[in-house]
Amino acid sequence: MLEIKNLHARVNPEEGEAKAILKGVDLTVPAGEVHAIMGPNGCGKSTLSYVLAGHEGYEVTDGSVSFLGEEMGELEPEERAAKGLFLSFQYPVEIPGVPTLTFLKEAANAQLKARGEGEISAPEFMKFARENAAKLGISSEMLKRPVNVGFSGGEKKRMEIFQAMMLSPKFLILDETDSGLDIDALRVVADGVNALRSPERGMLVITHYQRLLEYLKPDVVHVMADGRIVKTGGPELALELEAEGYEKFTGAAA
């Protein structure tokens, strides 16, 4: 479903020092599987998520990314989103003045239009929104606010998963979704992510800690160090990292 081959990327020279961050990432995520990437700070995990989403702050210098058999290198972020890629940010942004439901209805219809499909009706959209909000404990008052404005960290993460539910992407990239969550919020967010699991949908979960994976139960765990994948294993690899840390992997990658 998602295939990354020898991916190299650096900070876009126009954005600052052109520092190489990804140094040959190879990764394949089939449909129906949840893969987790774990690694120390600065190893390139979040950069990988931004590159996959087409963030202009990064420049791909070698390698390729294909999604559903299509090369993604020249596609703009909105085109990637229309193809079915969804990125949940580590630090969700606030958009003052833009009501959450208005934002999501416009986003959903823009994606449907890009795929040559008809727009969703207002009643159908509202019914879908209420159903998904109830699953995540999101109140009607929260839905009336501007996007993420006045929300706590946990509420913002819940709203990110709500957005994913509303847009029904084919592939989710979750960049440290567990960051800043207490145990109750973590369970709610994890339940929402698990509800999105499907034989037709893939997920890439980026995290520092094993605690999120206790709830998500990934099919495959990858360790990233110094800009590349240095080890791949089953869920037990996350337990190994929790017990022993990353030191042996950072040494091997150097």
Side-chain angles (χ1 to χ4, degrees), residues 1-12 15-30 33-55 57-67 72-73 80 85-91 157 160 171-181 190 193 202-254:
M1 188 173 207
L2 179 72
E3 188 170 14
I4 304 169
K5 293 183 178 180
N6 192 36
L7 185 64
H8 291 70
R10 63 181 184 177
V11 174
N12 192 320
E15 302 292 329
E17 182 184 355
K19 179 183 178 182
I21 301 177
L22 302 183
K23 304 173 184 178
V25 176
D26 291 295
L27 180 67
T28 299
V29 184
E33 291 192 3
V34 175
H35 286 219
I37 292 183
M38 303 180 72
N41 285 327
C43 71
K45 301 188 305 297
S46 291
T47 294
L48 177 61
S49 71
Y50 294 146
V51 168
L52 293 176
H55 194 296
Y58 300 90
E59 177 186 20
V60 173
T61 56
D62 197 5
S64 64
V65 176
S66 63
F67 178 57
M72 303 291 283
R80 300 180 192 214
L85 280 177
F86 178 91
L87 172 61
S88 172
F89 292 98
Q90 181 179 357
Y91 303 108
K157 297 302 177 71
E160 288 271 286
F171 194 94
L172 277 79
I173 305 163
L174 307 176
D175 183 17
E176 299 198 29
T177 298
D178 53 336
S179 177
L181 298 183
V193 174
M203 297 189 197
L204 186 62
V205 180
I206 295 169
T207 182
H208 279 295
Y209 305 111
Q210 193 266 340
R211 65 173 192 158
L212 175 63
L213 305 185
E214 291 178 1
Y215 299 102
L216 295 187
K217 302 189 184 309
D219 299 287
V220 180
V221 174
H222 308 275
V223 181
M224 177 175 272
D226 193 30
R228 53 190 181 270
I229 303 296
V230 295
K231 186 170 183 178
T232 295
E236 68 281 355
L237 181 54
L239 296 173
E240 177 185 335
L241 293 170
E242 189 79 6
E244 301 179 10
Y246 296 111
E247 185 175 357
K248 69 178 180 181
F249 297 108
T250 54

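If you're wondering where the values come from, they're calculated on a predicted model, not measured in any experiment.
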Point-to-point distance, once rounded to the nearest 0.5 Å, from [atom1] of [X] to [atom2] of [Y]:
{"X": "D175", "Y": "S88", "atom1": "CG", "atom2": "OG", "result": "7.5 Å"}
{"X": "K5", "Y": "S64", "atom1": "NZ", "atom2": "OG", "result": "6.0 Å"}
{"X": "K231", "Y": "H222", "atom1": "NZ", "atom2": "NE2", "result": "13.5 Å"}

side-chain contact (heavy atoms from CB on, under 4.5 Å) with I4: of V51, I229, T28, L48, only one passes, and it is L48

Evaluate the ring planes of Y50 and F89, with Trp represented by its six-membered ring, and classify them as parallel (under 30°), tilted (30 to 60°) or perpendicular (over 60°).
tilted

Less than 4.5 Å apart, side chain to side chain, heavy atoms only: is that true for [X] and [Y]?
{"X": "F67", "Y": "M1", "result": "yes"}
{"X": "M38", "Y": "Y246", "result": "yes"}
{"X": "L52", "Y": "L204", "result": "yes"}
{"X": "D26", "Y": "N6", "result": "yes"}
{"X": "H35", "Y": "P30", "result": "yes"}
{"X": "L22", "Y": "R228", "result": "no"}
{"X": "V205", "Y": "L172", "result": "no"}

Using side-chain contact (heavy atoms from CB on, under 4.5 Å), reason through M72 and L85 one step at a time and then give a plain yes or no.
CA-CA 11 Å; M72 303 291 283; L85 280 177; 3.5 Å; yes

Which atoms form the tightest heavy-atom contact between [X] and [Y], and what is the distance?
{"X": "V221", "Y": "P235", "answer": "CG2-CA, 4.0 Å"}
{"X": "L216", "Y": "A190", "answer": "CD2-O, 3.7 Å"}
{"X": "I21", "Y": "G44", "answer": "CG2-CA, 3.9 Å"}
{"X": "Y58", "Y": "V11", "answer": "CD2-CA, 4.2 Å"}
{"X": "S49", "Y": "S46", "answer": "OG-O, 2.6 Å"}

For the side chain of K217 and the backbone of V34, is there at least one donor-acceptor N/O pair under 3.5 Å apart?
no

Is the backbone of G39 close enough, under 3.5 Å, to the side chain of K45 for a donor and an acceptor to pair up by distance?
yes

Take E242 and L239 through the side-chain contact (heavy atoms from CB on, under 4.5 Å) test and state the conclusion after the steps.
CA-CA 5 Å; E242 189 79 6; L239 296 173; 5.5 Å; no

Mind running side-chain contact (heavy atoms from CB on, under 4.5 Å) on E160 and L174 for me, showing each step along the way?
CA-CA 9 Å; E160 288 271 286; L174 307 176; over 6 Å; no

